[in-house]
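Report on the structure given below.
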Amino acid sequence: MHPTLVCFAALLAAASSGVHAQTLVNGQVFTNGLAIVDAPAPGSPMHAGSVTQVAIDISGDGHLDQSASIPGSGKSTRFDSLEIYLVSYQTKQNITVSNGTELLTQEQGSTVKHWNFNVSTCIPAGNYNLTFYEASHIDNQPYFAITAYPVTVQNDNPSGACTNGTNALQDFPQASSPPPQSPWLIGTTIATQPLPTATGNAASSQSIVTSSAMSVIALGALLVLLC
Ligand SMILES: *[C@@H]1O[C@H](CO)[C@@H](O)[C@H](O)[C@H]1NC(C)=O
Ligand SMILES: *[C@@H]1O[C@H](CO)[C@@H](O)[C@H](O)[C@H]1NC(C)=O
Ligand SMILES: *[C@@H]1O[C@H](CO)[C@@H](O)[C@H](O)[C@H]1NC(C)=O
Ligand SMILES: *[C@@H]1O[C@H](CO)[C@@H](O)[C@H](O)[C@H]1NC(C)=O
Ligand SMILES: *[C@@H]1O[C@H](CO)[C@@H](O)[C@H](O)[C@H]1NC(C)=O
């Protein structure tokens with residue numbers, strides 16, 4: 001690929017990710033933390049009155065021992081907490097999808113945690129971000145990673161404002177201290193795709209980027225200078 005094209009594709013990927021870097025590889029969303037989200041896919045519609053299942057690989061695709069996903073494990077690389085919110089600056093909502101420790105402590109023995117989220121009819125239709133807040137340690141270094149990707153809520157019969165599961169909507173961007181990239185992508189040759197927008201229009205270019213210890217996303221700022 002021509003260097004200018006690589007530059008452009010990488011910029012697109014960086015731009016579409018905003019400050020909450022995440023990388024789509026083979027249909028999995030690699031957060032900048034330890035979690036890898038299998039479902040829902042970015043851009044997915046969520047239907048009010050139905051259940052959306054969130055599936056999260058907590059094993060780093062097989063690299064991390066089960067016990068490291070249980071808060072308090074004391075492992076050098078471990079999850080401390082993982083919470084999920086459905087957030088929209090458009091509809092001004094911050095809805096709890098999963099809080100507390102239940103998500104990580106359930107389904108022991110399974111490398112993938114499944115969470116059934118009742119998309120209540122009180123949730124207004126619109127564009128949202130499915131937002132993951134992960135506190136973790138990687139090689140004993142503490143990190144706090146926020147990963148947001150777009151989904152939509154479709155709601156033909158809104159039932160009025162939600163009375164439970166609602167939280168204050170905090171200003172954007174929120175403070176975080178993530179590692180520079182997913183530890184599971186370090187040293188790999190990754191095929192990255194810009195994430196689709198909330199309307200499901202994936203940017204047309206797909207880039208194959210060879211990166212040794214470099215994250216395409218983290219390179220965004222550098223690329224802006226170089227391109
Ligand atoms: C989703 O998050 C991005 C940043 O990652 C932000 O720019 C956008 O406004 C958010 N979308 C909504 C609907 O809140
Ligand atoms: C989701 O809704 C179904 C019925 O629509 C109910 O049986 C189930 O308990 C609800 N789950 C949660 C977590 O609220
Ligand atoms: C989880 O969220 C619900 C609703 O927003 C709230 O009432 C509850 O206190 C929260 N629990 C924890 C452990 O944060
Ligand atoms: C509020 O609680 C009810 C009953 O548990 C549940 O069905 C509904 O989904 C909750 N609303 C939100 C926005 O989580
Ligand atoms: C949503 O609410 C949760 C619980 O209060 C909070 O931790 C999170 O930072 C909030 N996110 C936004 C974008 O307001």
Side-chain angles (χ1 to χ4, degrees), residues 11-24 29-33 35 37 40-54 70-72 79-106 115-135 144-155 157-176 178 181-182 193-203 215-218 220-221:
L11 269 176
L12 254 185
S16 66
S17 70
V19 297
H20 300 316
Q22 74 290 93
T23 307
L24 189 59
V29 176
F30 282 70
T31 69
N32 259 3
V37 186
S44 293
M46 300 169 75
H47 301 276
S50 309
V51 169
T52 288
Q53 190 176 77
V54 183
I70 310 293
F79 284 88
D80 298 314
S81 66
L82 182 62
E83 298 199 333
I84 314 170
Y85 296 87
L86 185 62
V87 174
S88 175
Y89 291 101
Q90 183 191 56
T91 66
K92 310 260 187 290
Q93 300 287 319
N94 179 1
I95 307 282
T96 303
V97 174
S98 175
N99 64 357
T101 57
E102 193 185 339
L103 171 67
L104 286 174
T105 54
Q106 63 165 4
W115 190 260
N116 291 327
F117 174 53
N118 276 355
V119 185
S120 170
T121 52
C122 69
I123 302 175
N127 295 325
Y128 286 78
N129 282 316
L130 196 58
T131 308
F132 296 76
Y133 294 87
E134 178 189 310
F144 182 62
I146 304 174
T147 303
Y149 66 82
V151 293
T152 60
V153 169
Q154 302 183 345
N155 189 351
N157 294 299
S159 61
C162 298
T163 53
N164 58 303
T166 58
N167 308 282
L169 181 61
Q170 321 234 334
D171 288 342
F172 178 84
Q174 296 184 282
S176 64
Q181 69 169 127
S182 164
Q193 292 166 250
L195 293 178
T197 63
T199 48
N201 300 318
S215 156
V216 172
I217 306 299

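Start at 1 and go down the list; that is how both ligands and their atoms are numbered. Residues take their numbers from the sequence shown, with the count starting at 1.
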Using a 4.5 Å cut-off on heavy atoms from C-beta on, say whether the side chain of [Y] contacts that of [X].
X: Met46; Y: Leu86; answer: yes
X: Val54; Y: Ser98; answer: no
X: Ile84; Y: Phe117; answer: no
X: Asn127; Y: Pro150; answer: no

- Item | Short N or O distance, Thr96 and ligand 3, threshold 3.5 Å exclusive |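 For ligand 3, there is an N or O atom that lies under 3.5 Å from one belonging to Thr96.
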- Message: Geometry only, no angles: is Tyr89 polar-contacting ligand 1 at N/O separations under 3.5 Å?
- Response: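 Among all N and O atoms of Tyr89, at least one is under 3.5 Å from an N or O of ligand 1.
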- Message: Please report the interatomic distance CG(Leu169) to CG(Asp171), rounded to the nearest 0.5 Å.
- Response: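 CG of Asp171 is found 7.5 Å from CG of Leu169.
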- Task: Drop me the distance from Asn32's CG to Ser176's OG, to the nearest 0.5 angstrom.
- Result: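 Between Asn32 CG and Ser176 OG, I get 8.5 Å after rounding to 0.5 Å.
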- Ser88 neighbourhood, listing ligand 1 atoms whose heavy-atom distance to it stays under 4.0 Å: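 Every atom of ligand 1 under 4.0 Å from some heavy atom of Ser88: 13 (C), 14 (O).
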- Task: Within a distance under 4.0 Å of any heavy atom of Asn127, pick out the atoms of ligand 1 and give their elements.
- Result: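 In order of numbering, the contacting atoms are 13 (C).
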- Using heavy-atom distances, let me know which of Leu86, Asn164, Val119, Thr166 sits nearest atom 13 (C) of ligand 4.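 The residue whose heavy atom sits nearest atom 13 (C) of ligand 4 is Asn164.
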- Task: Could you check which of Asn129, Val151, Thr152 puts a non-hydrogen atom nearest to atom 1 (C) of ligand 1?
- Result: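 That would be Asn129.
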- Query: What part of Asn167, side chain, backbone, both or neither, has a heavy atom within less than 4.0 angstrom of ligand 3?
  - Reply: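 Answer for Asn167: side chain.
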- So, for atom 5 (O) of ligand 3, does the protein have a heavy atom nearer than 4.0 Å?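 Yes, at least one protein heavy atom sits under 4.0 Å from atom 5 (O) of ligand 3.
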- Query: Which of the numbered atoms in ligand 4 are below 4.0 angstrom from a heavy atom of Cys122?
  - Reply: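 The atoms of ligand 4 under 4.0 Å from a heavy atom of Cys122 are 13 (C).
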- Task: Go through ligand 3 atom by atom and flag the ones less than 4.0 Å from a non-hydrogen atom of Gly165.
- Result: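 Those of ligand 3 that fall under 4.0 Å from Gly165 are 4 (C), 5 (O).
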- Query: With sequence neighbours left out, what residues match Tyr85 under ring pair (Phe, Tyr, Trp, His ring centres under 6.0 Å)?
  - Reply: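 Here the qualifying residues are Tyr133.
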- Task: Take Thr96 and Asn167 through the side chain to side chain donor-acceptor pair (under 3.5 Å) test and state the conclusion after the steps.
- Result: CA-CA 7 Å; Thr96 303; Asn167 308 282; 2.9 Å; yes
- Query: Mind checking whether Phe172 has a heavy atom under 4.0 Å from ligand 1?
  - Reply: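 The answer is yes, since Phe172 has a heavy atom less than 4.0 Å from ligand 1.
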- Provide, to 0.1 Å, the distance between atom 10 (C) of ligand 3 and the closest protein heavy atom, together with that atom's residue and name.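 Result for atom 10 (C) of ligand 3: Asn99 ND2, 2.4 Å.
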